[in-house]
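Data first, discussion second: the structure below is written as structure tokens.
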Amino acid sequence: MNDKNDIADDRKEDGPGKGETSQIRIDRTHYKVKEAVLTGADLRKLPEPDIGPDRDLFEVVPGGSDVKVELDAQVRLRDGMRFFTAPAQINPGRIQE
């Protein structure tokens, strides 16, 4: 039994390895990311311009409830992950009379 191989295999499942990239999508834009883990703040810096404080960032969870990504959240990236932004505060409209 070789423990070094077991550790290397675990790293491959956790995210991209050295020299590898994951392709993720924020809104409709695709990004290639070399890091295996990014914070919510790091993810918000990928688009140009950055995602501002007036918008929230969510991870798309297929078949489940989407998850809001907080600034300090550690997100383990996988190829094909999708994120979207939405207004941080929604102001209800007025009733027209």
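- With values rounded to the nearest 0.5 angstrom, Thr85 atom OG1 is found 7.5 Å from Leu57 atom CG.
- Shown here are the side-chain hydrogen bond (donor to acceptor under 3.5 Å, both in side chains) partners of Asp42, two or more places apart in sequence or in another chain: Thr39.
- Minimum interatomic distance between Arg78 and Ile24 (heavy atoms only, all atoms of both residues): O-CG2, 3.9 Å.
- Residues Ala88 and Pro53 come closest through the heavy atom pair CB-O, 3.9 Å.
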| Verdict with reasoning, Phe84 to Ile26, per side-chain contact (heavy atoms from CB on, under 4.5 Å) | CA-CA 5 Å; Phe84 68 93; Ile26 300 176; over 6 Å; no
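- For Arg55, the CZ atom is densely surrounded, since the number of other residues' heavy atoms within 6.0 Å is greater than 12.
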| request: Would you check, one step at a time, whether the test side-chain hydrogen bond (donor to acceptor under 3.5 Å, both in side chains) holds for Ser22 with Asp79? | output: CA-CA 4 Å; Ser22 289; Asp79 202 42; 4.8 Å; no
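- At a threshold of 4.5 Å between side-chain heavy atoms, the hydrophobic network of Ile, Leu, Val, Met, Phe, Trp and Tyr places Leu43 and Met81 in one connected group.
- A donor-acceptor pair under 3.5 Å is formed between the side chain of Asp66 and the backbone N or O of Val61.
- Residues Leu38 and Leu77 meet the side-chain proximity criterion, which asks for heavy atoms closer than 4.5 Å.
- Atoms CD and CZ, on Glu35 and Arg76 in that order, are 14.0 Å from each other to the nearest 0.5 Å.
- At a threshold of 4.0 Å, the pair Asp50-Lys45 does not count as salt-bridged, since none of the basic side-chain nitrogens sits closer than that to a carboxylate oxygen.
- Taking 4.5 Å as the limit, some side-chain heavy atom of Leu71 sits within range of a side-chain heavy atom of Arg44.
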| request: Take Val75 and Phe83 through the side-chain contact (heavy atoms from CB on, under 4.5 Å) test and state the conclusion after the steps. | output: CA-CA 11 Å; Val75 180; Phe83 300 87; 4.0 Å; yes
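- In plain terms, the two heavy atoms of Ala86 and Phe58 that are nearest each other are CB-CE1, 4.1 Å.
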| Leu46/Val33 under side-chain contact (heavy atoms from CB on, under 4.5 Å): CA gap, chis, key distance, verdict | CA-CA 9 Å; Leu46 290 176; Val33 182; 4.1 Å; yes
